[in-house]
Amino acid sequence: MKIAVLPGDGIGTEIVAEAVKVLNVLGLPLEMETALVGGAAYEAHGHPLPDSTLKLAKEADAVLFGAVGDWKYDKLDRPLRPEQAILGLRKNLGLFANFRPAICYEQLVGASSLKPELIAGLDILIIRELTGDIYFGQPRGRRIAADGHFPGAEEAFDTMRYSKPEIERIAHVAFQAARKRSKRVTSVDKANVLETFQFWKDVVTEVHAQYPDVELQHMYVDNAAMQLVKAPKAFDVIVTGNMFGDILSDEASMLTGSIGMLPSASLNSKGQGLYEPSHGSAPDIAGKGIANPLATILSAAMMLRFSLNQEASAVRIEAAVQKVLAQGLRTGDIYSEGTTRVSTREMGDAVVKVL
Ligand code: IPM
Ligand code: MG
């Protein structure tokens, strides 16, 4: 089983190191190869997604990804910014289906900014379309000046676009995922204003005809943002476009106490996947050894489950994470009085010890 390990920038290297440690004690025949990506790759090779890194990712069964980005690259032309690496990987590998579960761990109920009764037992799954929408729409750009950083531009534009097959395939993914859960899907759109999302709504409704056993509800994105903090447990599977999914998944992550706990999987139609924590590179805390590695460790578990067909090992990792939380070990982001504050490495060591 070949895994491309792409730690990236900021806390990426610290958290991925812990996940690799965890993978190494499972006794599985894993072949891991590491490569540079994001700002780190730009520094070394002049490009955030060098051909060699893309090739490694394409040839692997799965990609374990950390995070990319740093404010110091904000002045670079867009194609050279670290974020283009993750967008390029998603597009080039066809990773259209992004799974972002938001699960509230019993031990962390107190870490959320919401009242415990609202979030205790929370288990929702956001399915975000990942290779279309305004993120990849053409044309895009700025009008008037094209020199350097567009100093003379007076207008900028991005195009929101979805094709029917793009919506159909993510709708199928959502309905099939719902069948394994409580059989309820909320499709989030902005059909009251945007043509693209009226189309989204129509196509999702059409696909739904093939899933009469699954309940489908449509919701406008602004209302969904509100309902997520008002009554999050009313949701089960949420399916939405690339941009709304980006925003709603950050919001949902905070329901669970910390974005540092949430893994994600991005899959293509061949079962190949990229696995990354839902959070970013957090340059403000990089190098301090205080980042929470659990989202990345849980992403490695998702990788074993979805791309490597190693369900038993995935379950072992998830149980080990539960156990270290039960032992009271906490990184700063999930720390509360009466628990034990640990570093990134100590948290990884604790999971390894349980395994
Ligand atoms: C995410 C991130 C990315 C996105 C950025 C880093 C390009 O916010 O994975 O949610 O917008 O998709
Ligand atoms: Mg995001």
Side-chain angles (χ1 to χ4, degrees), residues 1-24 28-98 130-132 135-136 138 242 263-283 286-287 291 293 295-297 299-300 302-304 306-310:
M1 292 175 266
K2 276 179 73 176
I3 304 172
V5 179
L6 311 180
D9 307 321
I11 59 171
T13 47
E14 300 162 52
I15 54 179
V16 167
E18 300 311 311
V20 167
K21 237 159 60 178
V22 167
L23 286 169
N24 273 328
L28 295 172
L30 303 175
E31 210 181 284
M32 293 189 252
E33 197 172 324
T34 302
L36 295 174
V37 75
Y42 173 75
E43 306 277 355
H45 305 291
H47 197 279
L49 182 57
D51 288 342
S52 53
T53 301
L54 181 58
K55 186 165 176 276
L56 181 73
K58 276 187 167 164
E59 287 170 2
D61 298 304
V63 179
L64 183 64
F65 191 89
V68 289
D70 193 307
W71 301 302
K72 69 181 177 203
Y73 303 114
D74 281 359
K75 291 222 152 38
L76 288 177
D77 281 345
R78 188 160 306 278
L80 295 178
R81 291 197 203 170
E83 290 79 5
Q84 293 305 311
I86 185 65
L87 297 175
L89 282 166
R90 289 171 183 170
K91 198 67 178 175
N92 277 289
L93 273 68
L95 306 168
F96 70 95
N98 182 217
L130 206 56
T131 51
Y135 269 60
F136 294 98
Q138 298 291 338
N242 204 344
S264 80
S266 306
L267 305 176
N268 66 17
S269 46
K270 293 181 289 192
Q272 250 182 332
L274 180 146
Y275 299 82
E276 58 175 325
S278 280
H279 60 73
S281 55
T296 314
I297 290 171
S299 298
M302 282 184 108
M303 173 175 82
L304 292 165
F306 290 131
S307 287
L308 304 177
N309 204 16
Q310 300 292 325

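Note that the numbering runs from 1 along the sequence shown for the chain.
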*If you round to the nearest 0.5 Å, how far is CG of L93 from NZ of K270?*
7.5 Å
*Applying the side chain to side chain contact (heavy atoms under 4.5 Å, CB included) test to L30, which of D61, L23, N24 qualifies?*
L23
*What are the two closest non-hydrogen atoms of P48 and P79, and how far apart are they?*
CG-O, 3.8 Å
*Would a 4.5 Å heavy-atom cut-off, applied to side chains only, mark L308 and M303 as touching?*
yes
*Which class fits the ring pair Y275 and F306: parallel under 30°, tilted 30 to 60°, perpendicular over 60°?*
parallel
*CZ-CD distance between R90 and E276, expressed to the nearest 0.5 angstrom*: 5.0 Å
*asked:* I'd like to know if the side chain of D70 reaches the main chain of K72, judged simply by a donor and an acceptor atom lying under 3.5 Å from each other, with no hydrogens or angles considered.
replied: yes
*Determine yes or no for a side-chain-to-main-chain donor-acceptor pair under 3.5 angstrom, with Q272 supplying the side chain and K58 the backbone.*
yes
*E14: partners by salt bridge (charged side-chain N to carboxylate O under 4.0 Å, His left out), with sequence neighbours left out*: none
*For the residue pair S266 and N98, establish whether any side-chain heavy-atom pair is separated by less than 4.5 Å.*
yes
*Quick one: closest heavy-atom pair of L87 and F136, and the distance?*
O-CZ, 3.8 Å
*asked:* Nearest 0.5 angstrom please: L80 CG to K75 NZ, how far?
replied: 15.0 Å
_Closest non-hydrogen atom pair, P277 against I15_ = CG-CD1, 4.0 Å
*Between P82 and Y73, which heavy-atom pair has the shortest distance, and what is it?*
CG-CD1, 3.3 Å
*What is the distance from atom CG of N92 to atom OG1 of T131, rounded to the nearest 0.5 Å?*
11.0 Å
*Would you check if the side chain of D9 reaches a backbone N or O of G38 as a donor-acceptor pair within less than 3.5 Å?*
no
_For Q310 against M1, the heavy-atom pair lying closest together_ = NE2-CE, 3.7 Å
*Using atom types as modelled and distance alone, determine if a side-chain donor or acceptor of S281 lies under 3.5 Å from a backbone N or O of I11.*
no
*asked:* I need the single residue from L89, L64, V16 that forms a side chain to side chain contact (heavy atoms under 4.5 Å, CB included) with L6. Which is it?
replied: L89
*Identify the two heavy atoms, one from A4 and one from A57, that lie closest to each other, and give their separation to 0.1 Å.*
CB-CA, 4.0 Å
*Would you say S307's side chain and G273's backbone share a donor-acceptor pair under 3.5 angstrom?*
yes
*About how many Å separate OG of S52 and CG of L36, when rounded to the nearest 0.5 Å?*
8.0 Å
*Criterion side-chain contact (heavy atoms from CB on, under 4.5 Å) on R78 and Q84, from CA distance to verdict*: CA-CA 7 Å; R78 188 160 306 278; Q84 293 305 311; 3.4 Å; yes
*Rounded to the nearest 0.5 Å, what separation is found between the CG atom of L130 and the CD1 atom of I86?*
7.5 Å
